[in-house]
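To start, the structure itself, in structure tokens.
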Amino acid sequence: PPSDFHLLRYASDWIAPAKRVEAWRTILSRKLLKADIATLPGQPFQVDASLRLLPGVRFGFGLFGASISRRTRAIAAADGEGFLLVVNLEGTFRVCGPDGEFALEEGEGYFTACSEEATFIRPTPGRLLCARFDGGQLAEIVPAPGEYSGRVIRRDCDALRLAIVYMRGMDDTLGLGDPELRRLAVT
């Protein structure tokens, strides 16, 4: 993480079109989650995202163009620590997990172990929030989080709505240079 834990920004427009997918794959893999990313035929690759890395939780949100992100068996085995929450904030979004393929409606979340294979399909541009939690730290507040892996969290779930507002509210005006403040932010 950055030494001052500030909000990181990335926009694909900053990169030459031929290098955008690889640049985003590299940033995503280093900062949040390893995935193989592909564009959809005839669609330009577009990302405008913000990332925040804190002890025990890393999250990002933003606008994503049409694309497919795959966590293959090999990727999940090599990058399988912790748990992932993906929330579709806007647009069409599909998930292929161990229990099949389904649409994730606007405002719904999908919770899974990072050790699980998954494919995330965004056929049109839309907004997404993604958070990765350290398994041990999450287990301190959610007993046996693995039992919830592979579940959809409906948009009317107050805990999900609170998490969305909380993570999106941690914009760059919130300084997190103080270790005690960082600890409070993630507990």
Side-chain angles (χ1 to χ4, degrees), residues 7-53 57-133 148-155 157 160-161 163-164 167-168 171:
L7 193 70
L8 302 172
R9 288 281 326 272
Y10 173 82
S12 56
D13 290 347
W14 301 342
I15 308 291
K19 297 181 179 184
R20 290 178 180 172
V21 173
E22 186 56 37
W24 176 243
R25 182 183 303 119
T26 300
I27 290 168
L28 185 66
S29 294
R30 263 199 271 142
K31 304 294 184 186
L32 187 64
L33 186 74
K34 288 183 176 26
D36 182 29
I37 300 167
T39 59
L40 296 179
Q43 299 284 334
F45 185 72
Q46 176 190 17
V47 173
D48 187 353
S50 298
L51 299 162
R52 174 81 77 175
L53 289 62
V57 63
R58 298 165 175 246
F59 59 90
F61 50 87
L63 174 67
F64 298 86
S67 60
I68 299 175
S69 300
R70 292 180 180 91
R71 290 205 24 101
T72 63
R73 180 175 293 143
I75 290 172
D79 185 45
E81 241 351 89
F83 294 90
L84 179 68
L85 172 65
V86 178
V87 181
N88 182 27
L89 300 174
E90 174 188 281
T92 304
F93 191 74
R94 299 196 63 72
V95 175
C96 297
D99 295 329
E101 182 175 337
F102 54 90
L104 201 59
E105 300 297 328
E106 290 183 7
E108 291 184 334
Y110 177 67
F111 182 80
T112 187
C114 291
S115 59
E116 293 285 344
E117 288 180 69
T119 299
F120 305 102
I121 305 160
R122 180 160 297 284
T124 60
R127 296 191 180 282
L128 186 74
L129 181 144
C130 182
R132 183 174 188 161
F133 302 93
Y148 301 99
S149 184
R151 294 205 184 162
V152 172
I153 305 169
R154 298 292 172 211
R155 74 178 111 215
C157 174
L160 178 62
R161 293 195 334 241
I164 293 167
M167 285 186 261
R168 290 181 79 182
D171 61 19

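If you're wondering where the values come from, they're calculated on a predicted model, not measured in any experiment.
The residues Glu22 and Arg25 are annotated as salt-bridged, a charged nitrogen and a carboxylate oxygen being separated by less than 4.0 angstrom. Arg154 and Glu108 are joined by a salt bridge, as a carboxylate oxygen and a charged side-chain nitrogen come within less than 4.0 angstrom of each other.
Remark: the backbone N or O of Phe111 is not paired with any side-chain donor or acceptor of Arg151 at under 3.5 angstrom. Looking only at distances, a side-chain donor or acceptor of Arg58 sits under 3.5 Å from a matching main-chain atom of Lys31. Between the side chain of Arg122 and the main chain of Arg127, a donor-acceptor pair closer than 3.5 Å is present. No donor-acceptor pair under 3.5 Å is formed between the side chain of Arg94 and the backbone N or O of Ile121. Under the 3.5 Å distance criterion, the side-chain polar atoms of Ser149 are matched with a main-chain donor or acceptor of Ala113.
In plain terms, the two heavy atoms of Gly109 and Leu85 that are nearest each other are CA-CD1, 4.4 Å. The minimum heavy-atom distance linking Pro123 with Ala66 is given by the pair O-CB, 3.4 Å. Taking all atoms of both residues into account, the shortest heavy-atom contact from Pro98 to Glu117 is CD-O, 3.7 Å. Across Glu116 and Ala76, no two heavy atoms sit closer than the pair O-CB, 3.8 Å.
With Val21 as the fixed residue, the side chain to side chain contact (heavy atoms under 4.5 Å, CB included) test singles out one of Ile37, Thr26, Val47, Asp36: Ile37.
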**Request:** Go through Gln46 and Asp13 one step at a time and tell me if the side-chain contact (heavy atoms from CB on, under 4.5 Å) criterion holds.
**Result:** CA-CA 7 Å; Gln46 176 190 17; Asp13 290 347; 5.5 Å; no
**Pair Val87-Ile153, side-chain contact (heavy atoms from CB on, under 4.5 Å): steps then yes or no** = CA-CA 9 Å; Val87 181; Ile153 305 169; over 6 Å; no
**Request:** Run the numbers on Leu84 and Leu33 for side-chain contact (heavy atoms from CB on, under 4.5 Å), then give the verdict.
**Result:** CA-CA 9 Å; Leu84 179 68; Leu33 186 74; 3.7 Å; yes
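Using bins of under 30°, 30° to 60° and over 60° for the plane-to-plane angle, the ring pair Trp24/Phe64 lands in the tilted bin. Using the six-membered ring where Trp is involved, Tyr10 and Trp14 have ring planes that are perpendicular, over 60° apart on the 30 and 60° scheme.
Side-chain contact between Ile27 and Leu51 is present, with at least one heavy-atom pair separated by less than 4.5 Å. Between Ser50 and Phe61 the shortest side-chain heavy-atom distance falls below 4.5 Å. Looking at Arg71 and Cys114, their side chains come closer than 4.5 Å, going by heavy atoms from C-beta outward. Thr39 is not listed as a side-chain neighbour of Ser67, based on a closest heavy-atom distance of 4.5 Å or more.
Side-chain rings of Phe83 and Tyr148 stay apart, their centers remaining 6.0 Å or farther from each other.
In this structure, Glu90 places its CD atom where more than 12 heavy-atom neighbours from other residues, nucleotides or ligands lie under 6.0 Å away.
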